[in-house]
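Report on one structure; see the data block that follows.
Order of the sequence lines sets the chain letters (A, B, ...), proteins ahead of strands, with each chain counted from 1.
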2 protein chains.
Amino acid sequence: MTAARGRTRDAIVEAALELFRERGFEGTTMRAVAERAGVSVGNAYYYFSSKDELVQGFYDQLVAEHRALALPELAGRTDLASRLSVTLHAWITAAEPYREFAGRFFAVAAQPGNPLSPFSPEAGPARTASIDLYREVLAGARIDPDPELARELPELLWLQHLGVVLFWVHDRSEGAARTRLLVDRTVPIVARLIRLSRMPVLRPLGRQVVDLVRLLRD
Amino acid sequence: MTAARGRTRDAIVEAALELFRERGFEGTTMRAVAERAGVSVGNAYYYFSSKDELVQGFYDQLVAEHRALALPELAGRTDLASRLSVTLHAWITAAEPYREFAGRFFAVAAQPGNPLSPFSPEAGPARTASIDLYREVLAGARIDPDPELARELPELLWLQHLGVVLFWVHDRSEGAARTRLLVDRTVPIVARLIRLSRMPVLRPLGRQVVDLVRLLRD
DNA sequence: GTAGACTGTTGAACACGTTCAAATGCTCGG
DNA sequence: CCGAGCATTTGAACGTGTTCAACAGTCTAC
């Protein structure tokens with residue numbers, strides 16, 4: 001019975017997200033998730049092979065919220081620096097409610113081989129969605145970078161995004177103020193580098209960076 | 001009895017490192033550590049407040065081994081790119097025996113607030129030692145970077161080092177071949193950027209980077 | 001030398017993530 | 001309608017990291 005299957009699954013995810021918000025990741029026990037979802041512990045494990053896997057739902061949701069928040073801000077802007085800026089700030093805003101347990105969560109995700117790692121196959125859809133957003137950020141900007149570099153730029157901007165996330169996770173400042181400052185400082189550097197990428201002196205550098213990204217991707 | 005205290009502590013660290021090597025981090029139980037060290041479980045917790053904390057010993061040892069391996073290679077070299085290269089390759093060599101459990105370990109270390117985080121106060125000595133090594137890497141090279149930038153370069157190179165470590169943790173290739181490739185591709189980029197840092201067009205960029213590092217450091 | 005305090009040590013007990021054999025419900029060919 | 005096969009569900013049980021009340025050993029002050 002597929003409908004029932006879906007209902008049970010959804011109930012478990014919903015209960016988990018609620019509890020994560022209420023008590024954080026560590027503070028949430030599988031027994032509590034099962035109880036709130038109205039199922040047995042074993043049943044939760046029938047659908048999710050580990051506690052870690054329960055947060056994939058949160059993962060997907062965050063990407064969607066980020067997009068929903070960023071797109072309206074992007075409309076009408078053509079300057080790359082400002083497009084990048086609103087996109088990164090939108091992420092910080094979208095992630096805000098999860099700050100407390102995000103640390104633990106991202107630590108889990110940082111584990112190699114973990115399905116929650118942003119580089120894992122399982123996270124492929126969420127990763128692609130995120131990279132695509134940066135593709136749109138670039139598409140709407142009046143820029144004219146080195147063409148070779150241009151092809152890798154969405155992925156490069158996504159890597160910048162990951163860097164911001166990494167910083168955010170460690171950021172304990174009120175309202176993630178330091179992360180916002182980091183964004184404000186980083187964005188002009190990146191925008192300037194992209195603008196300069198056509199300069200003859202920097203051409204070889206651009207090529208090296210392109211090679212590097214391709215190596216990273218396999 | 002300070003001597004006994006030290007002896008017990010050492011026995012626990014030693015047992016832990018042995019077992020980590022034999023069975024990995026996850027495969028090592030606190031009960032096994034305590035048994036091999038000839039103490040009770042509770043006693044192990046008297047000295048180390050968690051299993052995670054047991055790996056601080058490994059941390060310190062690795063930094064020392066890295067230095068010991070890098071210094072002889074550095075002697076006689078004056079080209080920055082090659083000095084950077086041998087230093088990073090030396091780290092990969094030093095870390096090789098711990099590849100299997102390093103993933104779990106670094107995941108723990110990536111957790112904000114965790115004493116094992118490279119940014120934590122507890123890891124201060126190991127961090128300083130590592131940054132100092134890069135200070136020496138720079139000191140022995142014939143380079144002439146923007147002076148403002150020069151002051152932040154050791155820390156910047158250490159950040160590059162962290163990036164390599166992060167990649168290495170996820171690298172499953174034979175003999176960490178991909179990480180070595182990454183180093184070979186990254187080092188020329190960094191060396192070129194430093195060389196170019198005096199160029200007028202790049203001056204403002206250098207300043208922005210310096211500001212950024214200072215922000216990161218608090 | 002002894003009382004008291006402090007340091008070091010013990011192992012049973014706890015809460016948790018996870019597993020698994022067994023029970024229950026569901027589907028579909030006959 | 002039956003029953004065989006499959007999907008779903010259960011909760012007790014296991015092994016783990018961690019805690020804690022109790023005990024033992026050592027030092028200090030008198």
query = Would you say the side chains of A/Asp171 and A/Ser173 form a donor-acceptor pair under 3.5 Å?
reply = yes
Residues 84-95 of chain A, side-chain donor-acceptor partners within the protein, below 3.5 Å, at least two apart:
| residue | atom | partner | partner atom | Å |
| --- | --- | --- | --- | --- |
| A/Thr87 | OG1 | A/Arg83 | O | 2.7 |
| A/His89 | ND1 | A/Arg180 | NH1 | 2.9 |
| A/His89 | NE2 | A/Asp184 | OD1 | 2.9 |
| A/Thr93 | OG1 | A/His89 | O | 3.0 |
| A/Thr93 | OG1 | A/Arg180 | NH2 | 3.1 |

ask   = For DNA chain C, whose closest nucleotide is more 5', that of A/Gly27 or that of B/Ser40?
value = B/Ser40
task = Quick one: closest heavy-atom pair of A/Glu96 and A/Trp168, and the distance?
result = N-CZ2, 4.4 Å
request  = Indicate whether OP1 or OP2 belonging to D/dT10 is found under 4.0 Å from a side-chain N or O atom of A/Asn43.
outcome  = yes
query = Tell me: CD of A/Glu53 to P of C/dG17, nearest whole Å?
reply = 15 Å
request  = Mind calculating the distance between CD (B/Glu26) and C1' (C/dG17) to the nearest angstrom?
outcome  = 12 Å
remark   = On DNA chain D, more 5' by nearest nucleotide between A/Gly42 and A/Tyr46 is A/Tyr46
Salt bridge flag under 4.0 Å for residues B/Glu18 and B/Arg21 = no
inquiry  = Are A/His66 and A/His161 packed together at the side-chain level, in the sense that at least one heavy-atom pair is separated by less than 4.5 angstrom?
reply    = yes
ask   = Rounded to the nearest Å, what distance is computed from the OH atom of residue B/Tyr47 to the P atom of nucleotide D/dG17?
value = 21 Å
key: Phosphate OP1/OP2 of D/dT8 contacted by A/Thr8 side-chain N/O (<4.0 Å)   = no
request  = Would you check, one step at a time, whether the test side-chain contact (heavy atoms from CB on, under 4.5 Å) holds for A/Tyr134 with A/Gln160?
outcome  = CA-CA 10 Å; A/Tyr134 283 101; A/Gln160 180 200 10; 5.7 Å; no
query = If you look at every strand shown and take non-hydrogen atoms under 4.0 Å, does B/Val41 touch a base, only sugar-phosphate, or nothing?
reply = base
ask   = Which whole-number value in Å describes the distance from A/Tyr45 OH to C/dA22 P?
value = 22 Å
query = Do you know which two heavy atoms are closest between A/Ala81 and A/Ala191, and how far apart they sit?
reply = CB-CB, 4.0 Å
ask   = What integer distance in Å separates A/Ile12:CD1 from C/dG17:P?
value = 15 Å
message = What is the distance, to the nearest angstrom, from the NZ atom on B/Lys51 to the C1' atom on D/dT18?
response = 12 Å
query = Which residues within residues 29-37 of chain B lie with some heavy atom under 4.0 Å of an atom in DNA chain D?
reply = B/Thr29, B/Met30, B/Arg31
